[in-house]
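FYI, side chains are in, hydrogens and waters are out, and symmetry mates aren't considered; it's all heavy atoms of this structure.
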Amino acid sequence: MLFWKAAKQALQNGRPREVQINCVEMNANNFTSLCGELEQLSYPGVTITATKAAFADEASRLATSLVQNGRKAPPTFWTADPYGFKGVPLTVIKQLMSIPRSEVLITFMVRDMRRFLEQENFEAPLNEFFGGDSWRQCVSQREAAQREECLLLRYADLIRADVARFATPFRVFEDERRQTLYYLVHLSNHPLGMRHMKKAMIKQSRDMTFWPVTVRPPDQLELDTSEQPPFPRLQKHLSETHGGESMTFEELLNSDYPTGFWLEPDYRSAVLAMEDRGVASVTRERATPTGRKPSGLKLGDRLSLALEQMPLA
């Protein structure tokens with residue numbers, strides 16, 4: 001339903017000429033229910049179909065058909081939402097991400113994984129999901145939170161090695177105690193896709209429905225999300241993480257964006273404040289119509305950040 005509403009809105013806005021939605025469900029009862037729901041959806045330019053099949057089989061078939069006969073594949077967005085963690089092999093995810101302009105959103109059932117990590121009958125699906133046995137590195141972690149973090153980081157390492165340029169995880173809480181239910185891991189080969197997904201995931205009110213995973217404790221993250229411009233904690237983070245480095249503003253975003261809650265306007269505000277304090281320099285190539293030095297911050301502007309000690313109240 002969400003994809004159909006988004007497709008309908010996109011067509012109404014004059015973006016694509018047509019949108020194709022393919023739903024895959026293996027369970028017979030669920031498939032019957034799905035077909036009943038789809039029969040009620042109709043809008044010119046939106047084609048929506050259902051297939052009773054395993055995700056891996058149907059996704060691989062569709063991926064192959066998209067690149068046949070030398071055709072240019074349309075932009076595609078795949079969702080892999082398994083029951084547990086079986087049926088989403090890394091080989092298929094790699095096949096999907098090899099298609100230009102393709103992105104994948106995976107439901108990473110980390111709670112189930114860490115629960116059954118040492119049970120022999122779960123070795124095969126874990127090996128399939130991770131494309132090997134790198135998950136075994138997490139067995140030695142005894143605490144649940146440590147196991148979850150280890151599993152997620154191992155998977156992200158595999159993705160970034162040769163599957164996708166960006167792997168951005170978002171934590172979904174089970175309840176008000178903020179226990180992790182699962183992660184949504186977004187894969188993209190384009191920095192703009194990565195940044196747009198993060199912006200879409202995070203509510204502008206800073207009431208976090210999805211929390212980007214970091215190694216910082218929740219109380220520290222709450223401090224970060226509650227502060228106002230020019231974001232002193234972000235300034236401190238940038239100084240500690242990138243002090244002494246030189247890069248464009250876009251390179252800074254691509255490097256740092258998946259690690260915290262801040263969005264592009266927050267980075268811009270923090271860097272400009274650091275420039276005003278003399279702990280960051282910005283080289284701008286362009287000039288204003290009046291010849292005055294521009295004061296904004298564009299993606300191509302080059303930054304040099306200093307390493308400093310910033311006490312925070």
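By the 4.5 Å heavy-atom criterion applied to side chains, Thr76 and Leu66 are counted as neighbours. A heavy-atom distance below 4.5 Å is found between the side chains of Leu158 and Ser134. Counting only heavy atoms from C-beta outward, the side chains of Asn254 and Arg195 approach each other to under 4.5 Å. Side-chain contact between Cys138 and Arg114 is absent, with no heavy atoms from C-beta onward closer than 4.5 Å. Under the 4.5 Å side-chain criterion, counting only non-hydrogen atoms from C-beta, His242 is in contact with Met247. Inter-residue side-chain proximity for Val282 and Arg302 is flagged as unmet; no heavy-atom pair is nearer than 4.5 Å. Residues Pro82 and Phe55 have side chains not in contact (no heavy-atom distance under 4.5 Å, counting atoms from C-beta outward).
The local environment of OH in Tyr83 is sparse, with at most 12 non-hydrogen atoms from other residues, nucleotides or ligands closer than 6.0 Å.
Between Phe77 and His186, the ring planes lie parallel to each other; the angle is under 30°, not in the 30° to 60° tilted range. Classified by interplanar angle (parallel below 30°, tilted 30° to 60°, perpendicular above 60°), the ring pair Trp4/Tyr43 is perpendicular.
The distance from atom CH2 of Trp262 to atom CG of Leu238, rounded to the nearest 0.5 Å, is 7.5 Å. Here CG of Leu34 is found 12.0 Å from NZ of Lys52. Values are rounded to the nearest 0.5 Å.
The nearest pair of heavy atoms linking Ile93 to Ile159 is CG2-CD1, 4.4 Å.
The aromatic ring centroids of Phe170 and Tyr183 lie 6.0 Å or more from each other. Checked against the 6.0 Å centroid criterion, the rings of Tyr257 and Tyr267 qualify as a close aromatic pair.
Under 3.5 Å, the side chains of Glu123 and Asn127 contain no donor-acceptor pair of N or O atoms. With hydrogens and angles left out, the side-chain atoms of Glu240 and His237 include no donor and acceptor closer than 3.5 Å.
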**Q.** ring-ring contact (aromatic ring centres under 6.0 Å, His included) assessment of Tyr155 paired with Phe129
**A.** CA-CA 9 Å; Tyr155 191 71; Phe129 191 90; 4.8 Å; yes
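Taking the ring axis of Phe249 as reference, the NZ or CZ atom of Lys298 does not stay both within 45° of it and closer than 6.0 Å to the ring centre.
For Glu37, there are no salt bridge (Lys or Arg N to Asp or Glu O under 4.0 Å) partners two or more places apart in sequence or in a different chain.
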